[in-house]
Number of protein chains: 2
Amino acid sequence: MLFLGTIENKIDTKGRVSVPSDFRMATKNDDFQGVILYHSFTHKCIEGCTMQRMEQLSDATDNLDLFSEENENLNSLIFSDARQLSFDVTGRIVIPADLIEFAGIKGNALFVGRGKTFQIWDKDEFEKYQKETREKAFKNRPSLSFKKD
Amino acid sequence: MLFLGTIENKIDTKGRVSVPSDFRMATKNDDFQGVILYHSFTHKCIEGCTMQRMEQLSDATDNLDLFSEENENLNSLIFSDARQLSFDVTGRIVIPADLIEFAGIKGNALFVGRGKTFQIWDKDEFEKYQKETREKAFKNRPSLSFKKD
DNA sequence: TTGACAACCACGAAATACCATAATATGATG
DNA sequence: CATCATATTATGGTATTTCGTGGTTGTCAA
(Lines give C-alpha, C1' and ligand atoms only; values in the text may rest on other atoms or scores of the structure.)
Protein backbone atom coordinates (compact mmCIF):
# COMPACT_ATOMS: atom_id res chain seq x y z
CA MET A 1 0.00 0.00 0.00
CA LEU A 2 1.04 3.56 -0.70
CA PHE A 3 0.90 6.91 1.02
CA LEU A 4 -1.56 8.93 -1.07
CA GLY A 5 -3.29 12.26 -0.73
CA THR A 6 -2.83 15.34 1.37
CA ILE A 7 -4.34 15.62 4.85
CA GLU A 8 -4.13 18.42 7.39
CA ASN A 9 -4.17 17.66 11.11
CA LYS A 10 -3.60 19.69 14.24
CA ILE A 11 -0.57 19.42 16.46
CA ASP A 12 -1.44 19.98 20.10
CA THR A 13 0.67 21.66 22.74
CA LYS A 14 2.61 18.46 23.44
CA GLY A 15 3.53 17.83 19.81
CA ARG A 16 0.93 15.12 19.45
CA VAL A 17 -0.67 14.71 16.04
CA SER A 18 -3.00 12.14 14.51
CA VAL A 19 -1.43 10.28 11.62
CA PRO A 20 -4.13 10.22 8.94
CA SER A 21 -6.14 7.04 8.95
CA ASP A 22 -5.22 6.16 5.37
CA PHE A 23 -1.54 6.53 6.20
CA ARG A 24 -1.91 4.20 9.15
CA MET A 25 -3.63 1.70 6.91
CA ALA A 26 -0.63 1.84 4.60
CA THR A 27 1.46 0.37 7.43
CA LYS A 28 -0.98 -2.17 8.73
CA ASN A 29 0.78 -5.14 7.12
CA ASP A 30 4.03 -3.92 8.55
CA ASP A 31 5.70 -5.44 11.56
CA PHE A 32 6.31 -2.14 13.29
CA GLN A 33 3.11 -0.21 13.94
CA GLY A 34 4.39 3.31 13.49
CA VAL A 35 6.49 5.43 11.18
CA ILE A 36 10.08 6.58 10.73
CA LEU A 37 10.67 10.31 10.57
CA TYR A 38 13.77 12.25 9.53
CA HIS A 39 14.43 15.71 8.20
CA SER A 40 14.41 16.17 4.44
CA PHE A 41 17.70 16.87 2.71
CA THR A 42 16.07 18.73 -0.17
CA HIS A 43 13.13 20.62 1.29
CA LYS A 44 11.99 22.40 4.40
CA CYS A 45 9.90 19.53 5.66
CA ILE A 46 9.93 16.26 7.55
CA GLU A 47 10.17 13.02 5.60
CA GLY A 48 8.54 9.80 6.70
CA CYS A 49 8.34 6.17 5.71
CA THR A 50 7.73 2.71 7.07
CA MET A 51 10.24 0.61 8.94
CA GLN A 52 10.09 -1.83 6.05
CA ARG A 53 11.40 0.80 3.69
CA MET A 54 14.18 1.71 6.07
CA GLU A 55 15.27 -1.88 5.94
CA GLN A 56 15.20 -1.82 2.14
CA LEU A 57 17.28 1.31 2.19
CA SER A 58 19.71 -0.36 4.50
CA ASP A 59 20.02 -3.35 2.18
CA ALA A 60 20.47 -1.12 -0.82
CA THR A 61 23.25 0.92 0.71
CA ASP A 62 24.95 -2.26 1.81
CA ASN A 63 25.15 -3.40 -1.77
CA LEU A 64 26.00 -0.11 -3.35
CA ASP A 65 28.67 1.24 -1.09
CA LEU A 66 31.44 -0.22 -3.22
CA PHE A 67 30.34 1.83 -6.19
CA SER A 68 29.08 5.14 -4.94
CA GLU A 69 30.74 5.96 -1.72
CA GLU A 70 29.41 9.46 -1.70
CA ASN A 71 25.81 8.52 -1.86
CA GLU A 72 26.34 5.86 0.71
CA ASN A 73 27.72 8.34 3.15
CA LEU A 74 24.81 10.64 2.63
CA ASN A 75 22.27 7.89 3.00
CA SER A 76 23.89 6.73 6.17
CA LEU A 77 23.20 10.17 7.60
CA ILE A 78 19.58 9.21 7.58
CA PHE A 79 20.02 6.30 9.91
CA SER A 80 21.57 8.47 12.55
CA ASP A 81 18.88 11.09 12.16
CA ALA A 82 15.83 8.82 11.90
CA ARG A 83 13.41 8.36 14.78
CA GLN A 84 10.95 5.53 15.03
CA LEU A 85 7.64 6.70 16.41
CA SER A 86 4.92 4.21 17.21
CA PHE A 87 1.23 4.99 17.09
CA ASP A 88 -0.65 5.33 20.36
CA VAL A 89 -4.08 3.72 20.73
CA THR A 90 -5.80 6.61 18.94
CA GLY A 91 -3.29 6.65 16.09
CA ARG A 92 -1.18 9.59 17.17
CA ILE A 93 2.55 10.14 17.29
CA VAL A 94 4.62 12.76 19.06
CA ILE A 95 6.80 14.60 16.57
CA PRO A 96 10.14 15.57 18.16
CA ALA A 97 10.42 19.31 18.75
CA ASP A 98 13.56 19.75 16.65
CA LEU A 99 11.85 18.30 13.58
CA ILE A 100 8.85 20.54 14.05
CA GLU A 101 11.17 23.49 14.28
CA PHE A 102 13.19 22.41 11.26
CA ALA A 103 10.07 22.23 9.10
CA GLY A 104 8.72 25.49 10.49
CA ILE A 105 5.45 23.85 11.47
CA LYS A 106 3.09 25.96 13.54
CA GLY A 107 -0.10 24.41 14.82
CA ASN A 108 -1.19 22.47 11.76
CA ALA A 109 0.72 19.68 10.02
CA LEU A 110 0.19 18.77 6.40
CA PHE A 111 0.70 15.08 5.64
CA VAL A 112 1.60 14.76 1.97
CA GLY A 113 1.61 11.32 0.35
CA ARG A 114 4.50 10.45 -2.00
CA GLY A 115 3.87 6.80 -2.66
CA LYS A 116 6.41 4.78 -0.73
CA THR A 117 7.16 7.78 1.49
CA PHE A 118 5.41 10.87 2.75
CA GLN A 119 6.23 14.33 4.00
CA ILE A 120 5.02 16.55 6.81
CA TRP A 121 4.88 20.25 5.99
CA ASP A 122 3.81 23.51 7.44
CA LYS A 123 0.81 24.54 5.37
CA ASP A 124 2.20 27.84 4.15
CA GLU A 125 5.60 26.39 3.32
CA PHE A 126 3.98 23.65 1.31
CA GLU A 127 1.83 25.99 -0.71
CA LYS A 128 4.89 28.01 -1.56
CA TYR A 129 6.76 24.90 -2.64
CA GLN A 130 3.83 23.48 -4.57
CA LYS A 131 3.39 26.62 -6.59
CA GLU A 132 7.00 26.48 -7.74
CA THR A 133 6.77 22.79 -8.52
CA ARG A 134 3.63 23.16 -10.57
CA GLU A 135 5.26 25.79 -12.71
CA LYS A 136 8.27 23.62 -13.34
CA ALA A 137 6.13 20.60 -14.08
CA PHE A 138 4.05 22.54 -16.56
CA LYS A 139 7.14 23.55 -18.48
CA ASN A 140 8.27 19.94 -18.74
CA ARG A 141 4.82 18.58 -19.39
CA PRO A 142 5.78 15.94 -21.95
CA SER A 143 7.64 14.04 -19.25
CA LEU A 144 4.48 13.89 -17.20
CA SER A 145 2.73 11.38 -19.40
CA PHE A 146 2.26 8.04 -17.75
CA LYS A 147 4.64 5.49 -19.09
CA LYS A 148 3.74 1.97 -20.05
CA ASP A 149 4.32 -0.63 -17.39
CA MET B 1 -8.94 -6.04 -17.17
CA LEU B 2 -9.69 -2.72 -18.80
CA PHE B 3 -12.04 0.19 -18.29
CA LEU B 4 -14.25 0.28 -21.37
CA GLY B 5 -17.38 2.14 -22.43
CA THR B 6 -19.20 5.21 -21.22
CA ILE B 7 -21.75 5.10 -18.41
CA GLU B 8 -23.73 7.87 -16.76
CA ASN B 9 -24.70 7.69 -13.08
CA LYS B 10 -26.21 10.08 -10.58
CA ILE B 11 -24.27 11.74 -7.79
CA ASP B 12 -26.33 12.34 -4.67
CA THR B 13 -26.07 15.21 -2.23
CA LYS B 14 -23.20 13.59 -0.34
CA GLY B 15 -21.11 12.98 -3.44
CA ARG B 16 -21.97 9.30 -3.54
CA VAL B 17 -22.05 7.66 -6.94
CA SER B 18 -22.27 4.09 -8.16
CA VAL B 19 -19.16 3.02 -9.98
CA PRO B 20 -20.40 1.21 -13.09
CA SER B 21 -20.52 -2.51 -12.61
CA ASP B 22 -18.14 -3.18 -15.50
CA PHE B 23 -15.61 -0.80 -13.98
CA ARG B 24 -15.84 -2.57 -10.64
CA MET B 25 -15.27 -5.86 -12.37
CA ALA B 26 -12.05 -4.44 -13.78
CA THR B 27 -10.69 -4.22 -10.23
CA LYS B 28 -11.98 -7.45 -8.79
CA ASN B 29 -8.63 -9.25 -8.94
CA ASP B 30 -7.02 -6.32 -7.23
CA ASP B 31 -6.03 -6.30 -3.59
CA PHE B 32 -7.66 -2.96 -2.91
CA GLN B 33 -11.38 -2.96 -3.69
CA GLY B 34 -11.80 0.57 -4.91
CA VAL B 35 -10.27 3.16 -7.19
CA ILE B 36 -7.74 5.97 -7.10
CA LEU B 37 -8.94 9.37 -8.24
CA TYR B 38 -6.98 12.52 -9.04
CA HIS B 39 -7.60 15.64 -11.07
CA SER B 40 -6.59 15.56 -14.70
CA PHE B 41 -3.56 17.62 -15.65
CA THR B 42 -4.86 18.22 -19.14
CA HIS B 43 -8.67 18.32 -19.04
CA LYS B 44 -11.52 19.52 -16.91
CA CYS B 45 -12.27 16.10 -15.51
CA ILE B 46 -11.32 13.58 -12.87
CA GLU B 47 -8.96 10.76 -13.75
CA GLY B 48 -9.06 7.34 -12.15
CA CYS B 49 -7.15 4.09 -12.04
CA THR B 50 -6.59 1.04 -9.87
CA MET B 51 -4.33 0.84 -6.86
CA GLN B 52 -2.32 -1.76 -8.76
CA ARG B 53 -1.52 0.81 -11.41
CA MET B 54 -0.49 3.33 -8.80
CA GLU B 55 1.87 0.78 -7.31
CA GLN B 56 3.36 0.07 -10.72
CA LEU B 57 3.83 3.78 -11.21
CA SER B 58 5.44 4.01 -7.82
CA ASP B 59 7.81 1.16 -8.57
CA ALA B 60 8.73 2.74 -11.88
CA THR B 61 9.64 6.10 -10.44
CA ASP B 62 11.01 4.92 -7.14
CA ASN B 63 14.71 5.08 -6.70
CA LEU B 64 16.14 5.04 -3.24
CA ASP B 65 18.09 8.18 -3.93
CA LEU B 66 17.02 10.67 -1.33
CA PHE B 67 18.81 13.63 -2.85
CA SER B 68 17.54 13.90 -6.40
CA GLU B 69 14.99 16.62 -6.70
CA GLU B 70 13.72 15.91 -10.19
CA ASN B 71 11.99 12.64 -9.65
CA GLU B 72 10.62 13.83 -6.38
CA ASN B 73 8.70 16.73 -7.79
CA LEU B 74 6.98 14.51 -10.28
CA ASN B 75 6.07 11.99 -7.61
CA SER B 76 4.75 14.72 -5.43
CA LEU B 77 2.39 16.01 -8.07
CA ILE B 78 0.77 12.67 -8.66
CA PHE B 79 0.75 10.98 -5.30
CA SER B 80 -0.11 13.98 -3.17
CA ASP B 81 -3.21 14.60 -5.20
CA ALA B 82 -4.46 11.02 -5.37
CA ARG B 83 -7.30 9.76 -3.18
CA GLN B 84 -8.01 6.14 -2.52
CA LEU B 85 -11.73 5.48 -2.44
CA SER B 86 -13.06 2.05 -1.58
CA PHE B 87 -16.37 0.70 -2.77
CA ASP B 88 -19.18 0.33 -0.26
CA VAL B 89 -21.31 -2.82 -0.28
CA THR B 90 -23.46 -1.53 -3.13
CA GLY B 91 -20.47 -0.50 -5.23
CA ARG B 92 -20.48 3.22 -4.56
CA ILE B 93 -17.71 5.67 -3.78
CA VAL B 94 -17.83 9.18 -2.36
CA ILE B 95 -16.10 11.62 -4.67
CA PRO B 96 -14.43 14.40 -2.67
CA ALA B 97 -16.14 17.75 -3.06
CA ASP B 98 -13.10 19.54 -4.45
CA LEU B 99 -12.76 17.04 -7.30
CA ILE B 100 -16.43 17.37 -8.15
CA GLU B 101 -16.00 21.10 -8.23
CA PHE B 102 -12.82 20.93 -10.29
CA ALA B 103 -14.55 18.87 -12.96
CA GLY B 104 -17.66 21.01 -12.83
CA ILE B 105 -19.88 18.02 -12.21
CA LYS B 106 -23.49 18.76 -11.36
CA GLY B 107 -25.80 15.87 -10.54
CA ASN B 108 -24.72 13.37 -13.16
CA ALA B 109 -21.28 11.85 -13.64
CA LEU B 110 -20.05 10.36 -16.89
CA PHE B 111 -17.64 7.45 -16.48
CA VAL B 112 -15.49 7.23 -19.59
CA GLY B 113 -13.33 4.14 -20.07
CA ARG B 114 -9.75 4.64 -21.31
CA GLY B 115 -8.28 1.19 -20.93
CA LYS B 116 -5.94 1.13 -17.98
CA THR B 117 -7.49 4.34 -16.68
CA PHE B 118 -10.81 6.12 -16.87
CA GLN B 119 -12.21 9.60 -16.55
CA ILE B 120 -15.20 11.13 -14.80
CA TRP B 121 -16.82 14.05 -16.56
CA ASP B 122 -19.72 16.37 -16.21
CA LYS B 123 -22.00 15.44 -19.08
CA ASP B 124 -22.10 18.86 -20.68
CA GLU B 125 -18.37 19.41 -20.29
CA PHE B 126 -17.69 16.10 -21.95
CA GLU B 127 -19.91 16.84 -24.90
CA LYS B 128 -18.20 20.18 -25.33
CA TYR B 129 -14.80 18.53 -25.19
CA GLN B 130 -15.83 15.78 -27.57
CA LYS B 131 -17.16 18.28 -30.08
CA GLU B 132 -13.90 20.22 -30.05
CA THR B 133 -11.91 17.05 -30.41
CA ARG B 134 -13.97 15.95 -33.39
CA GLU B 135 -13.44 19.27 -35.11
CA LYS B 136 -9.71 19.14 -34.56
CA ALA B 137 -9.61 15.57 -35.79
CA PHE B 138 -11.45 16.56 -38.92
CA LYS B 139 -9.04 19.37 -39.68
CA ASN B 140 -6.04 17.14 -39.26
CA ARG B 141 -7.59 14.23 -41.06
CA PRO B 142 -4.68 13.25 -43.25
CA SER B 143 -2.43 12.66 -40.28
CA LEU B 144 -5.01 10.48 -38.62
CA SER B 145 -4.68 7.57 -41.02
CA PHE B 146 -3.47 4.41 -39.43
CA LYS B 147 0.22 4.07 -39.57
CA LYS B 148 2.18 0.94 -40.15
CA ASP B 149 5.05 0.30 -37.77
C1' DT C 1 9.20 17.22 43.82
C1' DT C 2 8.99 18.41 39.45
C1' DG C 3 8.95 17.75 34.73
C1' DA C 4 8.69 14.80 30.71
C1' DC C 5 6.26 11.31 28.61
C1' DA C 6 3.15 7.64 27.90
C1' DA C 7 -1.36 5.48 28.80
C1' DC C 8 -6.25 6.41 29.55
C1' DC C 9 -10.81 8.47 28.96
C1' DA C 10 -14.37 11.18 26.68
C1' DC C 11 -16.80 13.74 23.09
C1' DG C 12 -18.55 15.91 18.67
C1' DA C 13 -18.24 15.92 13.81
C1' DA C 14 -17.82 13.54 9.89
C1' DA C 15 -17.37 9.43 7.31
C1' DT C 16 -19.25 4.98 6.14
C1' DA C 17 -21.81 0.93 6.92
C1' DC C 18 -26.44 -0.66 6.82
C1' DC C 19 -31.20 -1.23 5.19
C1' DA C 20 -35.01 -0.59 1.94
C1' DT C 21 -36.69 0.29 -2.47
C1' DA C 22 -36.66 1.30 -7.43
C1' DA C 23 -34.95 0.36 -11.89
C1' DT C 24 -32.86 -2.59 -15.16
C1' DA C 25 -31.44 -6.56 -17.29
C1' DT C 26 -31.62 -11.72 -17.88
C1' DG C 27 -33.68 -15.91 -18.56
C1' DA C 28 -37.29 -19.35 -18.45
C1' DT C 29 -41.87 -20.95 -19.74
C1' DG C 30 -46.19 -21.45 -21.74
C1' DC D 1 -43.84 -13.72 -28.67
C1' DA D 2 -45.72 -12.38 -24.26
C1' DT D 3 -45.43 -12.98 -19.53
C1' DC D 4 -43.58 -13.96 -15.36
C1' DA D 5 -39.69 -14.92 -12.29
C1' DT D 6 -35.05 -13.93 -10.90
C1' DA D 7 -30.84 -11.61 -10.41
C1' DT D 8 -28.17 -7.61 -10.72
C1' DT D 9 -27.58 -2.86 -10.36
C1' DA D 10 -28.59 1.84 -9.05
C1' DT D 11 -30.43 5.10 -5.68
C1' DG D 12 -32.30 7.26 -1.37
C1' DG D 13 -32.45 7.62 3.56
C1' DT D 14 -31.01 6.36 8.29
C1' DA D 15 -28.10 4.41 11.89
C1' DT D 16 -23.67 3.33 13.47
C1' DT D 17 -18.89 3.64 13.74
C1' DT D 18 -14.63 5.79 13.16
C1' DC D 19 -11.57 9.53 13.49
C1' DG D 20 -9.52 13.50 15.14
C1' DT D 21 -9.10 16.19 19.20
C1' DG D 22 -8.77 17.82 24.02
C1' DG D 23 -8.12 16.81 28.63
C1' DT D 24 -6.72 13.90 32.72
C1' DT D 25 -4.26 10.55 35.15
C1' DG D 26 -0.34 7.56 36.00
C1' DT D 27 4.66 6.48 35.81
C1' DC D 28 9.41 6.99 35.78
C1' DA D 29 13.62 9.55 36.09
C1' DA D 30 16.17 13.59 37.02
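Every chain is numbered from 1 and lettered A, B, ... according to where its sequence line falls, protein lines coming before strand lines.
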NA contact type, N9(A), heavy-atom cut-off 4.0 Å: base, sugar-phosphate, or nothing?
-> sugar-phosphate
Would you mind reading off the distance between R92(B) atom CZ and dC18(C) atom C1', rounded to a whole angstrom?
-> 10 Å
What's the CG-P distance between D12(B) and dA22(C), to the nearest Å?
-> 17 Å
To the nearest Å, give me how far apart CD (E8(B)) and C1' (dA23(C)) are.
-> 15 Å
Whole-Å distance separating the CZ atom of F87(B) from the C1' atom of dA15(C) = 18 Å
Using a heavy-atom cut-off of 4.0 Å to chain A, what are the terminal contacting nucleotides of DNA chain D, in 5' to 3' order?
-> dC19(D) to dT24(D)
Taking 4.0 angstrom as the limit, do D30(B) and R53(B) come out as a salt bridge?
-> no
Can you check the D88(B) CG to dC19(C) C1' distance for me, whole Å?
-> 12 Å
Atom CD of Q84(B) to atom P of dA15(C): distance rounded to whole Å?
-> 15 Å
Just report the end-to-end axis angle for the helix from dT1(C)-dA30(D) to dG30(C)-dC1(D), five pairs per end, to 10 degrees.
-> 30°
What does S21(A) touch in the nucleic acid at a heavy-atom separation under 4.0 angstrom: a base, only the sugar-phosphate, or nothing?
-> sugar-phosphate
What does T90(A) touch in the nucleic acid at a heavy-atom separation under 4.0 angstrom: a base, only the sugar-phosphate, or nothing?
-> base
Do K116(A) and D59(B) meet the salt-bridge criterion of a basic N to acidic O distance under 4.0 Å?
-> yes
Length of the CZ-C1' vector between R16(A) and dA10(C), whole Å = 13 Å
Looking at every strand, decide which applies to T13(B) at a 4.0 Å heavy-atom threshold: base, sugar-phosphate, or nothing.
-> nothing
